[in-house]
Amino acid sequence: MRKCFMVVLAIAQLQAYENAQQTKTTSLTALDYIEIRQLVDRYAQDIDTCSNNGYDYADLYTADGVFIDKYSDEGFRKGGLQRAKGREQLAASSWGGSKGCKNMPWNGWTHLMGDLVITPSSEGATGRCYLIMLGEKGPGSVDRDGGYDDVYVKTAKGWRIKTRTHVRTKEWSNPVLQSADRR
């Protein structure tokens with residue numbers, strides 16, 4: 001009887017511990033916030049320059065990292081469309097890899113990520129920032145091209161992007177402010 005009681009008690013304690021772990025909120029250190037901000041800043045520089053034939057960009061993601069498009073008409077209509085997954089596809093999506101950085105459509109443009117908000121999560125952290133494009137419509141142009149919804153995880157190589165979703169400008173707006181196309 002006593003042995004049975006001890007087993008039941010051990011199981012109850014284990015379940016309580018597991019429940020506490022699942023509901024535990026993650027906290028981030030000041031260094032975590034800085035490293036995530038650096039990750040976002042490196043993203044802009046790496047995609048703009050096609051450095052290391054696009055692999056510097058791809059290496060900002062986890063090995064199974066994903067870029068999702070909810071910005072284009074097709075991506076928006078489908079509620080999100082996976083455009084690249086994994087190192088090779090991500091390098092090619094930045095016009096590197098098999099594309100060799102040739103005919104990059106954003107050559108001469110500058111990606112700026114602004115107003116980044118980082119929030120601790122059970123996976124690590126989430127982030128949301130606006131995407132500002134310089135030069136997209138010609139010299140001197142400044143345009144907001146939606147934003148990014150991110151999931152970040154800490155790996156042995158530091159913080160990496162697990163998923164990045166490009167969303168339309170008004171994706172996060174109050175419904176009263178949203179237009180029909182939500183661009």
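Every heavy atom of this structure was used, including side-chain atoms; hydrogens, water molecules and symmetry mates were not.
Put simply, Ile47 and Ile36 are part of the same group of oily side chains (I, L, V, M, F, W, Y) that touch within less than 4.5 Å, one to the next. A single hydrophobic cluster is seen to contain both Leu112 and Val142, as judged by linkage of ILVMFWY side chains at heavy-atom distances under 4.5 Å, directly or through other members.
Contact record, Ala91 with Ala58: N-CB, 3.7 Å, taken as the closest heavy-atom pair. The minimum heavy-atom distance between Gly65 and Leu90, with the atom names listed, is O-CD1, 3.7 Å. Contact between Gly54 and Ser94 at its shortest, heavy atoms only, is CA-OG, 3.4 Å. Of all heavy-atom pairs spanning Arg83 and Ser72, the tightest one is NH2-OG, 3.4 Å. Smallest separation of non-hydrogen atoms from Ala125 and Ser121: N-OG, 3.2 Å. Nearest heavy atom pair, residue Asp56 against residue Asp46, reads O-OD2, 3.4 Å.
Counted by atom type alone, Trp106 and Asp48 present zero donor-acceptor pairs between their side chains at under 3.5 Å. Counted by atom type alone, Glu88 and Tyr55 present one or more donor-acceptor pairs between their side chains at under 3.5 Å.
No option in Lys70, Arg128, His166, Arg164 other than Arg128 meets the side chain to side chain donor-acceptor pair (under 3.5 Å) test with Asp149. Checked options Leu60, Asp32, Leu31; the residue passing with Trp159 is Asp32 (criterion: side-chain contact (heavy atoms from CB on, under 4.5 Å)).
Relative to the ring axis of Tyr152, Arg160 does not place its NZ or CZ within 45° and under 6.0 Å from the centre.
Trp95 contributes a side-chain N or O that, together with a main-chain N or O of Lys102, makes up a donor-acceptor pair within less than 3.5 Å. Of the possible polar contacts, one joining the Gln89 side chain to the Lys85 backbone as a donor-acceptor pair under 3.5 Å is found. Judged by distance alone, with hydrogens and angles left aside, the side-chain atoms of Asn53 form a donor-acceptor pair with the main-chain N or O of Gly97 at under 3.5 Å.
Aromatic ring centroids of Phe67 and Tyr61 lie 6.0 Å or more apart. Side-chain rings of Tyr71 and Phe76 stay apart, their centers remaining 6.0 Å or farther from each other.
Residues Met133 and Thr110 fail the side-chain proximity criterion, which asks for heavy atoms closer than 4.5 Å. Considering only heavy atoms from C-beta on, Val151 comes within 4.5 Å of Glu123 through its side chain. Looking at heavy atoms from C-beta onward, Tyr148 lies in side-chain contact with Met113 at the 4.5 angstrom threshold. Residues Arg87 and Asp59 have side chains in contact (heavy-atom distance under 4.5 Å, counting atoms from C-beta outward). By the 4.5 Å heavy-atom criterion applied to side chains, Leu28 and Ile118 are counted as neighbours. A heavy-atom distance below 4.5 Å is not found between the side chains of Leu81 and Ile68. Proximity of Leu39 to Ile161: side-chain heavy atoms (C-beta onward) are separated by under 4.5 Å at one or more points. At a threshold of 4.5 Å between non-hydrogen side-chain atoms, the residues Thr29 and Tyr33 do not count as touching.
A salt bridge links Asp73 with Arg168: the closest approach of a Lys/Arg side-chain nitrogen to an acidic carboxylate oxygen falls below 4.0 angstrom.
At most 12 heavy atoms of other shown residues, nucleotides or ligands fall within 6.0 angstrom of atom NZ in Lys162. No more than 12 heavy-atom neighbours from other residues, nucleotides or ligands sit within 6.0 angstrom of CG on Asn103.
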Side chain to side chain contact (heavy atoms under 4.5 Å, CB included) between Gln45 and Tyr57, intermediate numbers included: CA-CA 9 Å; Gln45 294 214 355; Tyr57 166 82; over 6 Å; no
field: Test side chain to side chain contact (heavy atoms under 4.5 Å, CB included) applied to Ile132 and Asp145, step by step
entry: CA-CA 6 Å; Ile132 310 299; Asp145 267 352; over 6 Å; no
field: Derivation of the salt bridge (charged side-chain N to carboxylate O under 4.0 Å, His left out) call for Arg37 and Asp41
entry: CA-CA 6 Å; Arg37 178 72 234 191; Asp41 291 342; 2.6 Å; yes
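Within the structure, disulfide (SG to SG under 2.5 Å) pairs that include any residue of residues 27-90 comprise Cys50-Cys101 (at least two apart or interchain).
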